[in-house]
> 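Got a structure here, written out as structure tokens. Questions coming.
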Amino acid sequence: LLPIYTAPDPLLKTISKPVEKVDAEIRKLIDDMFETMYAAPGIGLAAIQVGVQKRLLVIDVVGKGQEGEEPQPLALINPEITWVSDHDATYEEGCLSVPEHYADVVRPAEVEVSYLDIDGKQQTLRADGLLSTCVQHEMDHLDGILFLDHISALKRNMILRKLLKQKKLAS
Ligand SMILES: O=C(O)C[C@@H](Cc1ccccc1)[C@H](O)SCc1ccccc1
Ligand SMILES: [Zn+2]
């Protein structure tokens with residue numbers, strides 16, 4: 001399992017760099033990220049959250065252990081949003097890098113994303129519902145943006161102060 005960095009941490013605010021080549025090393029990282037995400041548990045994980053400044057993320061909004069449903073693992077490399085819907089959707093988001101805090105975030109309800117898949121092939125994905133929210137949440141991570149950056153400064157600072165205190169107590 002890979003270590004998940006938590007806020008406040010300057011690393012989480014950095015802009016990740018495009019993946020040059022989808023090689024064995026990238027595929028190993030993606031496997032490790034899926035393992036780490038399922039263990040958390042989570043429905044998404046961006047490489048920066050495990051300290052790797054590369055533009056790649058893994059998602060599985062179905063997840064494991066759901067009775068009947070098959071997991072739907074998705075790895076997006078160098079993803080770019082190519083279209084957003086006119087209407088918005090609100091979701092109470094969490095984040096593995098902002099443990100135990102949740103807040104309502106408004107985002108476009110549907111998005112179209114162009115990306116490279118695990119075989120290095122260009123793909124296009126149209127997402128709505130939780131998948132749309134999750135894709136946008138993970139892609140924010142690639143630009144150093146946390147869901148906290150979409151809520152009021154008052155609430156964001158309260159949460160960051162609390163997380164910083166917990167880090168100090170833990171160290
Ligand atoms: O990026 C992360 O840290 C994983 C996020 C993914 C997420 C994206 C959008 C909305 C909610 C979550 C979560 O921590 S994964 C844990 C989780 C699972 C289901 C619903 C809410 C939170
Ligand atoms: Zn997150």
Side-chain angles (χ1 to χ4, degrees), residues 1-17 19 29-81 84-85 87-113 115 125-152 155-160 162-164 166-167:
L1 292 185
L2 303 170
I4 295 180
Y5 288 72
T6 56
D9 186 323
L11 180 75
L12 293 171
K13 304 302 292 166
T14 60
I15 307 232
S16 297
K17 296 154 189 67
V19 169
L29 171 61
I30 287 172
D31 285 352
D32 294 345
M33 285 173 63
F34 270 119
E35 188 189 9
T36 304
M37 179 189 79
Y38 287 127
I43 56 171
L45 190 68
I48 192 66
Q49 294 181 270
V50 292
V52 177
Q53 294 176 304
K54 289 183 194 293
R55 299 187 79 79
L56 72 97
L57 58 96
V58 295
I59 286 178
D60 188 343
V61 292
V62 169
K64 294 198 163 171
Q66 310 276 326
E67 57 289 336
E69 308 234 0
E70 273 302 296
Q72 283 167 5
L74 198 58
L76 307 187
I77 300 166
N78 299 339
E80 294 182 24
I81 289 180
V84 295
S85 61
H87 61 294
D88 291 339
T90 304
Y91 191 91
E92 189 182 30
E93 297 191 13
C95 183
L96 297 175
S97 297
V98 182
E100 285 147 47
H101 288 85
Y102 299 87
D104 282 347
V105 178
V106 180
R107 298 183 189 270
E110 293 179 50
V111 289
E112 207 151 86
V113 187
Y115 65 95
L125 166 78
R126 175 94 175 237
D128 62 3
L130 180 54
L131 180 59
S132 169
T133 295
C134 193
V135 166
Q136 294 178 73
H137 173 113
E138 301 310 333
M139 286 183 66
D140 267 355
H141 276 300
L142 306 184
D143 292 326
I145 298 166
L146 296 174
F147 80 87
L148 298 178
D149 299 314
H150 296 290
I151 65 177
S152 73
K155 183 143 194 233
R156 174 169 58 254
N157 294 334
M158 191 183 70
I159 292 171
L160 287 172
K162 204 159 143 229
L163 290 170
L164 183 58
Q166 282 166 354
K167 272 192 173 186

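Ligands are counted one by one from 1 in listed order, and the atoms in each one are counted from 1 as well.
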> What atoms in ligand 1 come closer than 4.0 Å to a heavy atom of His141?
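Those qualifying, in numeric order: 1 (O).
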
> Starting from atom 8 (C) of ligand 1, which protein heavy atom do you reach first, and at what distance in Å?
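That would be His137 CG, 3.5 Å.
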
> With a 4.5 Å limit on heavy-atom distance, are the side chains of Leu56 and Met33 in contact?
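A side-chain contact under 4.5 Å exists here.
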
> List the closest protein heavy-atom neighbour of atom 4 (C) of ligand 1: residue, atom name, distance to the nearest 0.1 Å.
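Here the closest protein heavy atom is Gly44 O, 3.0 Å.
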
> Can you give me the closest heavy-atom contact between Ala109 and Ser85, atom names plus distance?
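Reported closest heavy-atom pair: N-OG, 3.3 Å.
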
> By number and element, which atoms of ligand 1 are closer than 4.0 Å to a non-hydrogen atom of Ile43?
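Here the atoms of ligand 1 in question are 6 (C), 7 (C), 12 (C), 15 (S), 18 (C), 19 (C).
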
> How far is atom 1 (O) of ligand 1 from the closest protein heavy atom, and which atom is that?
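Sorting protein heavy atoms by distance from atom 1 (O) of ligand 1 puts Glu138 OE2, 2.7 Å first.
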
> When rounded to the nearest 0.5 angstrom, what is the spacing between CG in Asp104 and CZ in Phe147?
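One gets 10.0 Å once the value is rounded to the nearest 0.5 Å.
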
> Quick one: CD1 on Ile159 to SG on Cys95, what's the gap to the nearest 0.5 Å?
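Between Ile159 CD1 and Cys95 SG, I get 11.0 Å after rounding to 0.5 Å.
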
> What residue and atom, counting heavy atoms only, is the protein's closest point to atom 10 (C) of ligand 1, and at what distance?
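Sorting protein heavy atoms by distance from atom 10 (C) of ligand 1 puts Glu93 CG, 3.7 Å first.
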
> Polar-atom distance check: Tyr102 versus ligand 1, any N or O pair below 3.5 Å?
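No; the residue has no nitrogen or oxygen that sits under 3.5 Å from a nitrogen or oxygen of the ligand.
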
> Can you check which of Ser97, Ala40, Gly42 brings a heavy atom nearest to atom 16 (C) of ligand 1?
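Looking at heavy atoms only, the winner is Gly42.
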
> Which ligand 1 atoms does Gln49 reach within 4.0 Å, using its non-hydrogen atoms?
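Answer for ligand 1: 1 (O), 2 (C), 3 (O).
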
> Nearest 0.5 Å, what's the CG-NE2 distance between Leu146 and His101?
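Atom-to-atom, Leu146:CG and His101:NE2 are 13.0 Å apart.
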
> Tell me, yes or no, whether the heavy-atom count around Gln53 atom CD, taken from other residues, nucleotides or ligands under 6.0 Å, exceeds 12.
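It does: Gln53 CD has more than 12 such atoms within range.
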
> Taking 4.0 angstrom as the limit and counting only heavy atoms of Leu96, give me the atoms of ligand 1 inside it, by number and element.
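Counting from 1, the qualifying ligand atoms are 2 (C), 3 (O), 4 (C), 14 (O).
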
> Shortest non-hydrogen contact from Pro79 to Val113?
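In terms of heavy atoms, the two residues are closest at CB-CG1, 3.8 Å.
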
> Looking at Asp149 and Lys13, does any basic side-chain N land under 4.0 Å from a carboxylate oxygen?
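Salt bridge between Asp149 and Lys13, a charged N being under 4.0 Å from a carboxylate O: yes.
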
> Taking non-hydrogen atoms only, is Tyr91 closer than 4.0 angstrom to ligand 1 via side chain, backbone, both or neither?
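Side chain only.
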
> Determine the interplanar angle of the His141 and His137 rings, folded into 0 to 90°, and report it as parallel if under 30°, tilted if 30 to 60°, perpendicular if over 60°.
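It falls in the perpendicular class, over 60°.
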
> So which of the N, O or S atoms of His137 lies nearest the Zn ion (ligand 2)?
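The His137 atom nearest to the Zn ion (ligand 2), restricting to N, O or S, is NE2.
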
> Out of Pro99, Gly94, Cys134, indicate the one that has the non-hydrogen atom closest to atom 12 (C) of ligand 1.
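Result: the heavy atom closest to atom 12 (C) of ligand 1 is in Gly94.
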
